[in-house]
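These notes are about the structure you will find just below.
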Protein chains: 2
Amino acid sequence: MVKRSYGQFCGVARALELVGERWALLVVRDLLVGPRRYSDLRRGLPGIPTNILASRLKELEAAGIIERDVLPRPASGVVYRLTPLGGELEPVVLALGRWGSRVMTHPLDGEVVTHDSMVMALRTTFRPEAAEGANLVFVLRVGDVVVHARVDDGHLAAAAGPAEAPDLDITAGPLVRDLMAGALSPEDALATGAVAVAGEPALLNRFAAIFAI
Amino acid sequence: MVKRSYGQFCGVARALELVGERWALLVVRDLLVGPRRYSDLRRGLPGIPTNILASRLKELEAAGIIERDVLPRPASGVVYRLTPLGGELEPVVLALGRWGSRVMTHPLDGEVVTHDSMVMALRTTFRPEAAEGANLVFVLRVGDVVVHARVDDGHLAAAAGPAEAPDLDITAGPLVRDLMAGALSPEDALATGAVAVAGEPALLNRFAAIFAI
DNA sequence: CCGGATCCTCGGTGATACTG
DNA sequence: CAGTATCACCGAGGATCCGG
């Protein structure tokens, strides 16, 4: 199996040969949130053909980017996780996410939101300098996707699922993107019902400042 | 023309829909160095089918990433340049280059080096903190490719072609990558003839420190 | 259910030839 | 110089099936 080459001794070209194929970086994006099973990845990548997912996983494993672990019983199953080399792709995914979140104005027809993509969206938009001295826990709900973000003095821990006793619990639609982009003020977001919160409403300003496109 | 979608309202996915297709980011890489004509891009991307290059240029233009300028006479011709939006892809290309330069240990069979890829390699490996207070001009020659780098107190200007009166003129082979990665000491590089210099040989240490993988 | 493998179709890619 | 035209091929997409 001869892998397609760009024929250049160049870091960008070499990187694209390893992770430039379709779906590959989206698999990495989901694995950056945490180890995932085959079926988790399928759910998180609606639309990926199963044979393509299997191919990508094999290629990424052969490239040393992910590794495949067989869980012992009783939790039998297969888990994929990033290797240290794979984890170093985070700056690539974050840079892509930052650029993409600016051109991604509104959802196209049929587009969905997944746990892992939303966690990565929080990480891409996080601005440490706006979070200095902050100690806040946010829960963000879009559709049936729930994620949370713990902000601790310039440091962020974002993960899937809810959090206990958050400072602010945000329920929103895709318009939360406009809020984070500054195209929708927190006041208008609340007034129009585009965003609903449980907790101190003024904290929505902090949220929009800390997670900004 | 229905563009293939990943079906997700996610910045990473949206970015990959626009610049994730084969060759697209390599076109952007070359245009980050400067405006280029169709034939320049063909030369800089050996192996790209001409119809694919034409397709990518149209897609990138439709996405607002590049623009096509028809030059007035007598310098007739067509020039492609990045739009401001396209220029904002630089962090993406640099992140990819940084990651790729680590896995790119040695050139594969038949791989070549181009002007634009080498200029971007200098930009990806540039470490501003190592260049504080420096005021140096390097010329780097690999094969028949010549590029130069002006380092001015933490700031870099790298471009194709030679420079006048450089502080150090470096002639090397692909092993210059090992030098920049710290796998080959400047002394060994000079002693084995892997790298030859004109100028003060001690400046090769500065070069390896300023441009480090 | 989980973790894939198999089959088939279609469209993009690659290579080359050709043209305004 | 700056592309378009043509065609073979292979990987993506989609559905189904299979072993544990």
Side-chain angles (χ1 to χ4, degrees), chain A residues 1-8 13 16-27 30-31 35-63 66-81 110-112, chain B residues 1-8 13 16-27 30-31 35-63 66-81 110:
Chain A
M1 171 180 183
V2 208
K3 35 180 47 180
R4 280 193 297 187
S5 162
Y6 285 110
Q8 299 194 14
L16 290 174
E17 287 166 1
L18 295 179
V19 297
E21 273 168 303
R22 198 160 161 74
W23 295 103
L25 277 177
L26 290 183
V27 172
D30 283 12
L31 291 180
R36 293 287 182 267
R37 312 168 67 122
Y38 189 88
S39 46
D40 295 331
L41 293 170
R42 266 189 84 172
R43 260 190 302 276
L45 269 16
I48 190 173
T50 165
N51 56 341
I52 297 297
L53 176 57
S55 297
R56 290 295 165 272
L57 289 172
K58 270 190 217 131
E59 294 158 9
L60 291 173
E61 188 185 3
I66 66 174
E67 52 190 18
R68 191 187 123 110
D69 282 3
V70 179
L71 293 181
R73 312 170 36 125
S76 307
V78 181
V79 162
Y80 295 91
R81 69 180 76 250
E111 282 189 331
V112 299
Chain B
M1 172 178 184
V2 205
K3 35 180 48 180
R4 275 193 302 187
S5 162
Y6 285 110
Q8 299 195 13
L16 289 174
E17 287 165 2
L18 296 179
V19 296
E21 274 168 303
R22 198 158 161 74
W23 296 105
L25 277 177
L26 291 182
V27 172
D30 284 11
L31 292 180
R36 292 286 182 268
R37 319 174 126 225
Y38 190 89
S39 45
D40 295 331
L41 293 170
R42 265 189 85 173
R43 259 191 303 277
L45 268 16
I48 190 173
T50 168
N51 57 342
I52 296 297
L53 176 56
S55 296
R56 290 294 167 273
L57 289 171
K58 270 192 213 126
E59 294 158 10
L60 291 173
E61 189 185 3
I66 67 174
E67 52 190 20
R68 193 187 120 110
D69 282 4
V70 178
L71 293 182
R73 306 171 38 99
S76 307
V78 181
V79 162
Y80 294 92
R81 70 180 76 249

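The figures here come from the full heavy-atom set of this structure, side chains too, leaving out hydrogens, waters and symmetry mates. Please read all numbers here as calculations on a predicted model, not as lab measurements.
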Could you give the CG-to-P distance, from L26(B) to dG14(C), as a whole number of Å? 11 Å

Those residues at least two apart in sequence (or on a different chain) that pass salt bridge (charged side-chain N to carboxylate O under 4.0 Å, His left out) with E21(A) are none

Residues in salt bridge (charged side-chain N to carboxylate O under 4.0 Å, His left out) with R37(A), at least two apart? none

Within this structure, what is the CZ-to-P distance between R56(B) and dT4(D), rounded to whole angstrom? 14 Å

For DNA chain C, which residues of residues 35-50 of chain B approach it to below 4.0 angstrom with any heavy atom? G47(B), P49(B), T50(B)

Could you work out, with side chain to side chain contact (heavy atoms under 4.5 Å, CB included) as the rule, every residue matching A13(A), not counting sequence neighbours? Y6(A), Q8(A), C10(A), L26(B)

Atom CZ of R4(B) to atom C1' of dG14(D): distance rounded to whole Å? 14 Å

By nearest-heavy-atom nucleotide on DNA chain C, the more 5' of Y6(A) and N51(A) is N51(A)

Apply salt bridge (charged side-chain N to carboxylate O under 4.0 Å, His left out) to R43(A) and list each qualifying residue two or more places apart in sequence or on a separate chain. D40(A)

Please give the angle, rounded to 10 degrees, between the axes at the start and the end of the helix from dC1(C)-dG20(D) to dG20(C)-dC1(D), where five pairs define each axis. 30°

Basic-acidic side-chain contact under 4.0 Å: E59(B), R56(B): yes

At less than 4.0 Å, is any side-chain N or O atom of R22(A) found next to OP1 or OP2 of dG11(D)? Yes or no. no

Please name all residues satisfying ring pair (Phe, Tyr, Trp, His ring centres under 6.0 Å) with Y80(B), sequence neighbours left out, ordered by chain then number. none

Is any side-chain N or O of Y80(B) closer than 4.0 Å to OP1 or OP2 of dG3(D)? yes

Distance, rounded to the nearest Å, where L71(A) contributes CG and dC2(C) contributes P: 13 Å

Rounded to whole Å, the CG-C1' distance (L53(B) to dT13(C)) equals 13 Å

For R22(B), enumerate each residue passing the salt bridge (charged side-chain N to carboxylate O under 4.0 Å, His left out) test, keeping only those at least two apart in sequence or located in another chain. none

Quickly work out the I52(B) CD1 to dG12(C) C1' distance and round it to whole Å. 7 Å

W23(B) CH2 - dT13(C) C1' separation (whole Å): 11 Å

K58(B) side-chain N/O to dT4(D) phosphate OP1/OP2 under 4.0 Å: yes

In whole angstroms, the gap separating P of dG11(D) from CD of E17(A) amounts to 15 Å

All N/O donor-acceptor pairs, side-chain side in residues 45-55 of chain B, below 3.5 Å, sequence neighbours left out:
residue: T50(B); atom: OG1; partner: Y38(B); partner atom: OH; Å: 2.8
residue: S55(B); atom: OG; partner: N51(B); partner atom: O; Å: 3.0

Quick one, V78(A) and D69(A) - any side-chain contact, counting heavy atoms below 4.5 Å? no

